[in-house]
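Order of listing sets the numbers, starting from 1, for every ligand and every atom in it. What you are looking at is a predicted structure, and each value in this text was computed from that prediction instead of being measured.
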Amino acid sequence: MEDACSKTMIEALGLTKYYGPFVATENISFSIPEGQIVAFLGPNGAGKTTTMRMLTGYLAPSAGTAKIAGLDVHKDRIEASKRLGYLPENGPLYQDMTPLELLEFFGEARGLDPRRLKDRIAAVRELCALQEVLEKPIGKLSRGLRQRVGLAQALLHDPEVLIMDEPTAGLDPNQIRQFRENIRNLGSRKTILISTHILQEVDAIADYVLFVHNGRMVFEGTPAELKEDGSLEEPFYRLTHVNGSTGAQAP
Ligand code: ADP
């Protein structure tokens with residue numbers, strides 16, 4: 001997936017996570033070059049969130065290394081986090097804050113100087129279409145709007161890399177369309193990893209697909225390579241029913 005002159009922006013090197021004796025991910029490795037939008041696909045429980053949390057430095061792997069823009073997310077945590085925006089599964093949690101307060105809070109925590117913070121809030125407000133709701137409590141917003149607030153927060157420091165965990169889960173079709181539009185509007189400079197178990201997401205946004213099942217990588221390639229026979233349902237079924245089993249792996 002990489003050509004000679006592109007820079008690797010997201011790298012998983014043998015990421016393994018045990019929860020007690022349970023193997024949540026085993027030896028997950030991939031590298032994503034600059035500017036790609038990659039769908040991280042797999043059924044519920046496949047290990048997508050666990051992998052993303054290791055990639056963003058929120059969860060220490062049992063083995064392996066994660067790098068963002070060539071920086072080890074544990075050894076170079078601060079530098080790596082400057083280049084990374086993360087939209088976790090349930091979006092922003094501060095229900096009593098308004099989007100404006102949330103963005104100011106995160107901007108200050110990230111050390112953006114007041115002038116740059118003002119400019120960046122104006123930019124993400126525009127990009128994520130938050131003009132109307134900037135001063136309403138987050139807890140009172142629809143799920144679609146909350147996702148947009150989460151995206152604005154993830155993009156506040158203008159990171160090169162964006163990692164989003166199931167960003168369209170629970171959205172209605174119009175909200176999903178709006179969200180995809182926002183992603184497309186980010187332009188071709190950003191490197192984006194989006195987890196999903198929704199097959200249509202792959203066709204709608206992805207240049208490349210990483211497929212996990214039972215904590216292991218079972219496919220990587222283009223959407224066209226994934227659906228050799230024209231459908232996405234068939235390979236999804238085949239990749240998740242290897243040897244007739246869908247069960248979790250024991251160590
Ligand atoms: P996905 O995001 O693909 O739905 P997850 O990464 O959330 O999958 O989960 C992978 C597996 O690890 C699942 O079987 C899940 O139950 C298990 N798991 C996730 N977090 C924990 C935890 N904190 N303790 C024990 N098991 C966990």
*Atom NZ of Lys140 and atom CG of Asp96: how far apart are they, to the nearest 0.5 Å?*
8.5 Å
Between ligand 1 and [X], is the shortest N or O to N or O distance under 3.5 Å?
| X | result |
| --- | --- |
| Lys48 | yes |
| Thr51 | no |
| Gly45 | yes |
| Phe22 | no |

*Does the side chain of Arg180 come within less than 4.5 Å of Glu201's, by heavy atoms?*
yes
*Enumerated ligand 1 atoms positioned under 4.0 Å from heavy atoms of Ala24*: 12 (O)
_Ligand-residue contact atoms, ligand 1 with Ala46, heavy atoms, under 4.0 Å_ = 1 (P), 3 (O), 8 (O)
_Show the nearest heavy-atom pair for residues Lys67 and Leu13, with the distance to one decimal._
CE-CD1, 4.2 Å
*Can you name the nearest heavy-atom pair linking Ser195 to Asp165, along with the distance?*
OG-OD1, 2.7 Å
*Taking the six-membered ring where the residue is Trp, are the ring centres of Phe211 and Phe40 under 6.0 Å apart?*
no
*Residue-ligand contact Pro43/ligand 1, heavy atom below 4.0 Å*: yes
_With a cutoff of 4.0 Å, is Gly47 in contact with ligand 1, counting heavy atoms of the residue only?_
yes
_Heavy-atom nearest option to atom 9 (O) of ligand 1, drawn from Thr196, Thr50, Val212, Asn44_ = Thr50
*Heavy-atom contacts under 4.0 Å between Ser195 and ligand 1: side chain, backbone, both, or neither?*
neither
*So Tyr94 and Phe106, would you call those rings parallel, tilted or perpendicular, with 30° and 60° as cut-offs?*
perpendicular
*Could you tell me whether the side chain of Thr50 and the main chain of Gly47 form a donor-acceptor pair under 3.5 Å?*
no
